[in-house]
Enquirer: 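Have a look at the structure that comes next, please.
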Amino acid sequence: MNRVYNFSAGPAVLPEEVLETAQNEMMDYHGCGMSVNEMSHRSSYFQEIIDTAERDIRDLMGIPANYKVLFLQGGASQQFAAIPMNMMKHKKAGYIITGNWAKKAWEEGKIYGDALALASSSDKTFSYIPDCSDLPITSDMDYIYICQNNTIYGTKFNKLPNTKGVDLVADVSSCFLSEPVNVNDYGVIYGGVQKNVGPAGLVIDIIREDLITDDVMEFTPTMLKWKTQADNGSLYNTPNCWSIYICGLVFKWLKKQGGLSVMKERNEAKAKILYDYLDQSDLFRGTVEAKDRSIMNVPFVTGNKDLDALFVKEATANGMVNLKGHRSVGGMRASIYNAMPREGIEKLVDFMSEFEKKNG
Ligand SMILES: *Cc1c(COP(=O)(O)O)cnc(C)c1O
């Protein structure tokens, strides 16, 4: 077996312990004589898997009783449409544009109503988070939308916007369960799990109960109505059983590590190793304003395309893969999610330092 350090932005690295448990349970899940891949989503075995997963994510995040947890398909991108369909009662919402994913959500929102761009950091290639302390928000807006951690650009809202009392909707795909959050600060928290939690094909929505109603846009498909999903315990139709199962194992793993405050401490320490190196390097530099840095996705460049390509190639040959940056930023990006061990980052920084000596 040859495991690499996988710095992919998503689908991404998973805890080895979780993969091993899944391997052990593959042929015979808890004595039922079959794999989770083979069982009915209506079976008592699966019901327990999804119930336990919900209980554990509630524990981890401290989700209050008046919030529902939904396990849905269609990825985060499907929610770009579901959010306005379920929430735009006045057909008006504010979007803060901090990167490609926020922009895509905004563009989808415009199909259904007045989706207003309240602020944007597009003027500097999304390398910062705009000041959101006093945005032109009016009380007839149905929600304010953010992408909390910008996977491609490596920025993060380290402080939530002042929404002036309007419900906040946050896409947390690439920072899900990376640190504690105060769920009460949000109307909706949602994310695709394939970045920091589990296998692709599942999006988890955490929605305050009063936002789940029958009062949705008239054309809303049954499947995209949050009420349909909530009334049926996310089992209106066949869900992504496998991804729910693996996410459940990851929740157990996170609890065993000590929960989200421990993960935050660890993630900050891991990110610091890389940022400290970047800040003193003469060859490499980070592309993001220091105050808005993500602790999950770290883009960096040398400023020379050929050197960037050489770096990615040599890193790959040394067992550190998927470091090529997104095409809109160029250079490199190291995604250092919960499951990336500290040793992976130390190895990367050692390698960067060697590379700098040879090529600087
Ligand atoms: C990857 C990503 C998405 C898209 O997720 P899908 O599940 O592929 O639709 C949306 N938002 C953010 C922040 C992402 O990182």
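Note that ligands are numbered from 1 as they come in the structure, with each ligand's atoms numbered from 1 the same way. Note: hydrogens, waters and symmetry copies are ignored here, and every other heavy atom, side chains too, is used.
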Enquirer: Are M296 and L348 in one and the same hydrophobic cluster, where Ile, Leu, Val, Met, Phe, Trp and Tyr link if side-chain heavy atoms are under 4.5 Å apart?
Expert: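 No, no single cluster joins them.
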Enquirer: Any chain of hydrophobic side-chain contacts (each under 4.5 Å) joining V13 to I152?
Expert: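 Looking at the clustering, I152 is in a separate group from V13.
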Enquirer: Do the side chain of N100 and the main chain of T151 share a donor and acceptor less than 3.5 angstrom apart?
Expert: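 No; zero donor-acceptor contacts below 3.5 Å.
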Enquirer: Supply the atom-to-atom distance W253 CH2 to I246 CD1, rounded to the nearest 0.5 angstrom.
Expert: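 It comes to 14.0 Å.
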Enquirer: Are any of the side-chain heavy atoms of T138 and M141 separated by less than 4.5 Å?
Expert: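 Side-chain contact under 4.5 Å: yes.
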Enquirer: Which pairs of nitrogen or oxygen atoms, taken one from ligand 1 and one from the protein, are under 3.5 angstrom apart?
Expert:
residue	atom	partner	partner atom	Å
ligand 1	7 (O)	A76	N	3.0
ligand 1	7 (O)	Q194	NE2	2.9
ligand 1	8 (O)	Q194	NE2	3.3
ligand 1	9 (O)	A76	N	3.2
ligand 1	9 (O)	S77	N	2.8
ligand 1	9 (O)	S77	OG	2.6
ligand 1	11 (N)	D171	OD2	2.6
ligand 1	15 (O)	T151	OG1	2.4
ligand 1	15 (O)	K195	NZ	2.5

Enquirer: May I ask you to decide if the ring planes of F80 and W101 are parallel, tilted or perpendicular, using 30° and 60° as cut-offs?
Expert: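 F80 and W101: tilted rings.
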